[in-house]
**Student:** 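Please read through the structure below; I'll follow up with questions.
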Protein chains: 2
Amino acid sequence: MDTKQITIDGIDKKILRALTEDARTPILEIARHVGISGAAIHQRLRKLEKSKLLVGSKFIINEKALGYSTLAFVGIYLEQATNNDDVVKALKRIPEVLECHYTTGQFNIFIKLLSRNNAHLMQLLNNDIQTIRGVLRTESLISLDQQIDRQIKI
Amino acid sequence: MDTKQITIDGIDKKILRALTEDARTPILEIARHVGISGAAIHQRLRKLEKSKLLVGSKFIINEKALGYSTLAFVGIYLEQATNNDDVVKALKRIPEVLECHYTTGQFNIFIKLLSRNNAHLMQLLNNDIQTIRGVLRTESLISLDQQIDRQIKI
DNA sequence: AGTGAAACAGTGTTTGG
DNA sequence: CCAAACACTGTTTCACT
């Protein structure tokens, strides 16, 4: 085992479930729900943060309300002698690229990207991604509808 | 335009940037940083929530600390006459499935899933996914390393 | 309409047991 | 782990520009 495991009991799980749904759930509300004091919840939260199991919190923005409605996955083929890190560095400069993975299988790099519409997606592919040095060609999967979006269950 | 656009000025952007990085950033800290009062920040936050641009907040858990270290994308081919919704319903019951998309291209359904290790991934594919009625076959991309993980820039 | 200072209500945090 | 005291934040109010 290369990562340290931490012992989580049922109460920890309930705390995590509440806060992964809504980071602003009041401690006292959780306390009432699980039947222990607020101070105890606070202690456990410190433990969970120290163990690096909790790594932060985020506000979630609705991309559609910002005008981004097209989500796509793009597989990228690279030329043989390409320095992958340079490609990733270039991808980081494209804000629409939300995820980037080195993957097994046919592609060298696999990304998830968010664009305003199909025209914008095409522009991103042609002007920004396929012009990166070393990129041979790309293969796109456009998400027509996302049915599941969640974190791992705890 | 099928989704309402909302006008966001530079101050709104700074607020959003702070809170999408850390949902617990104090309002007064943001206020100091952008040079207006806390009450003003609060008003703007209400506006942003009402406009559905802010849709909540989440604590982020480090899956690796929970023992989940293998991330994979899986393309799913379905039989012709399959009811896609039933397949999605079955996928929802598998907690390791984090995302599920209807996609264009070769696959009918494309999912992202998180497993403890390669053995666990194989078990999920063989025992849980490929046994769903209507699933013909699957094609997996395993993420060896994730280099980018972020929300859209605001 | 939007801002800012002050009062208020509610939370997170610490302490002592 | 609990209960109470504490410190700080989020929230509202209101006078002002």
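Residue numbers start from 1 in every chain, and the chains themselves are labelled A, B, ... in the order their sequence lines are given, proteins ahead of strands.
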**Student:** In whole Å, I'd like the distance from the CD1 atom of A:Ile36 to the P atom of D:dC1.
**Tutor:**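 Distance, rounded to whole Å: 5 Å.
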
**Student:** Less than 4.5 Å apart, any side-chain heavy atom of A:Lys14 and any of A:Val34?
**Tutor:**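 A:Lys14 vs A:Val34: side chains touch.
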
**Student:** Separation of B:Arg44 atom CZ from C:dG2 atom C1', in whole Å?
**Tutor:**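 The distance from CZ of B:Arg44 to C1' of C:dG2 comes to 9 Å, rounded to the nearest Å.
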
**Student:** Does the distance from a Lys or Arg side-chain N to an Asp or Glu carboxylate O, for A:Glu99 and B:Lys112, drop under 4.0 Å?
**Tutor:**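 Salt bridge flag = yes for B:Lys112 with A:Glu99.
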
**Student:** Answer yes or no: is there an ion pair linking B:Lys47 with B:Asp12, defined by an N-O contact shorter than 4.0 Å?
**Tutor:**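 Looking at B:Asp12 together with B:Lys47, the answer is yes, because their closest N to O distance falls below 4.0 Å.
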
**Student:** Would you call the rings of B:Phe73 and A:His101 parallel, tilted or perpendicular, where under 30° means parallel and over 60° means perpendicular?
**Tutor:**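 Aromatic pair B:Phe73/A:His101 classed perpendicular.
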
**Student:** Rounded to the nearest angstrom, tell me the gap between atom CD1 in A:Ile41 and atom P in D:dC1.
**Tutor:**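 Computing the A:Ile41:CD1 to D:dC1:P distance gives 9 Å.
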
**Student:** I need a per-nucleotide contact map over nucleotides 11-17 of chain C, read 5' to 3'. Cutoff is protein heavy atoms under 4.0 Å; write B for the base, S for backbone only, - otherwise.
**Tutor:** SSSB---

**Student:** Send over the distance from B:Glu29 CD to D:dG10 C1', rounded to a whole Å.
**Tutor:**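 These atoms are roughly 15 Å apart.
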
**Student:** Can you tell me if B:Glu139 and B:Tyr77 form a side-chain donor-acceptor pair at under 3.5 Å?
**Tutor:**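 Present: a donor and an acceptor within the cut-off.
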
**Student:** Just wondering, do A:Leu45 and A:Ile27 contact through their side chains at under 4.5 Å, heavy atoms?
**Tutor:**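 Yes. Closest side-chain heavy atoms under 4.5 Å.
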
